[in-house]
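Down below is the structure, laid out as structure tokens.
Numbers for residues simply follow the sequence, beginning at 1. On a predicted model such as this, the values are computed, not experimentally measured, just so you know.
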Amino acid sequence: MTTINLPLDGKIVPYTLTGTPIALAKRDAKAFPRIAFAAAHVVADPLADNDPWLTPAIDWERTLAFRHRLWDLGLGVAEAMDTAQRGMGLGWPEARDLIRRALSEAAGRKDTLIACGAGTDHLTPGPDVTVDTILRAYEEQIETVEAAGGRIILMASRALAAAAKGPDDYIRVYDRILRQVKEPVIIHWLGEMFDPALEGYWGNRDHIQAMSTCLEVIEAHADKVDGIKISLLSKEKEVAMRRRLPKGVRMYTGDDFNYAELIAGDEEGHSDALLGIFDAIAPAASAALEALGRKSNHEFFDLLEPTVPLSRHIFKAPTRFYKTGVVFLAYLNGLQDHFVMVGGQQSTRSLTHLAELYRLADKARVLADPELATARMKQVLAVHGVN
């Protein structure tokens, strides 16, 4: 049994690993009863001579290899989303390059699932940014994705949240955009817990009232909406909205606190998935979805439920810093050789937070190679003065 000394409550205490890693196995998405996207992270280039806070440097080989790993597991890739640090280190020029590269990689495979984030993040919110400016910004990014052959995830807009006078401005923007898109989109409603600049989205700080505006948009354009991903960290709100969606419009859970039960569903329906946590727990998610496809609900929960405490820890407030935990787990699992992030975001979580993540990852059985993970955890501890 492997034992390591870790910080806990201001002390250094021994922890002995107990988890048996979930086996990595290639799977086909056709075996899954749900559509499942993993929002994928980017791998920074630690050898670039850049100013990390100002200029992103990306290791394209490792970044794209990670997407192939997700596809091999049967998962779809939600590209250039907030998990890829859109708006937190990754600008539109880099996101545009990422989208084009990922779509090119997907085109070389069979049965890959990929959809790409299109938003307005190349705009800086301010008094000179109008609704018309926002519309043109959306159109520019959508044109880029569609020209490369990609499907659209219509991202929430910080600029629109700042400029809108009320629900009518949201209806105007989404009405025009949805009339123009070539294929049905996934609308992404990202809550303020993920991005404080999006508070009051849909023209109301009350989520239930905001939901009514969002549903009005969806109902008017149901033929252009594949689904809605909501990230409000409330299973009650997700289920309430799911039951009000027009027939044929999917609910993609973005609830990184309650995804297991939402994906399993109830007698009135279920959620598909578009989750940042699926980046970090991809083998467990893949195995669980395959079990659900065999109607082995017990096995589904046995595999996925232990990952929920890990996810809740990674996504704890301030939730916008969850990307640090996702990348740290990729480092522990040997999917990248360093714990460096675009924008220097590796500094957003404490050593104590990372130590608890390691413990929970072991209990969730998502440390692919416990010896490697322990060796790398020890390196991080040493950098922080713990030997």
For Thr3 and Thr16, which I'm curious about, is there any donor-acceptor pair between the side chains at under 3.5 Å?
yes
Check: [Y] and [X] side chains under 4.5 Å, non-hydrogen atoms:
| X | Y | answer |
| --- | --- | --- |
| Phe37 | Leu113 | yes |
| Asp337 | Arg62 | yes |
| Lys182 | Ile142 | no |
| Pro370 | Leu17 | yes |

If you count every heavy atom of other residues, nucleotides or ligands that lies below 6.0 Å from [X] atom [atom1], does the total exceed 12?
| X | atom1 | value |
| --- | --- | --- |
| Trp60 | CH2 | yes |
| Asp206 | CG | yes |
| Arg205 | CZ | no |

Mind telling me whether Phe315 and Tyr322 have parallel, tilted or perpendicular rings, with 30° and 60° as the class edges?
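Taking Phe315 first and then Tyr322, their aromatic rings lie parallel (interplane angle under 30°).
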Distance-only, no hydrogens or angles: does the Thr112 side chain make a donor-acceptor pair with backbone N or O of Ala106 under 3.5 Å?
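Confirmed, Thr112 side chain pairs with Ala106 backbone.
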Counting distance only, does the side-chain N/O of His221 pair as donor-acceptor with the main-chain N or O of Arg179 below 3.5 Å?
no
Does [X] have its ring centroid less than 6.0 Å away from the ring centroid of [Y]?
| X | Y | answer |
| --- | --- | --- |
| Phe194 | Trp189 | no |
| His41 | Phe66 | yes |
| Tyr358 | Phe328 | no |

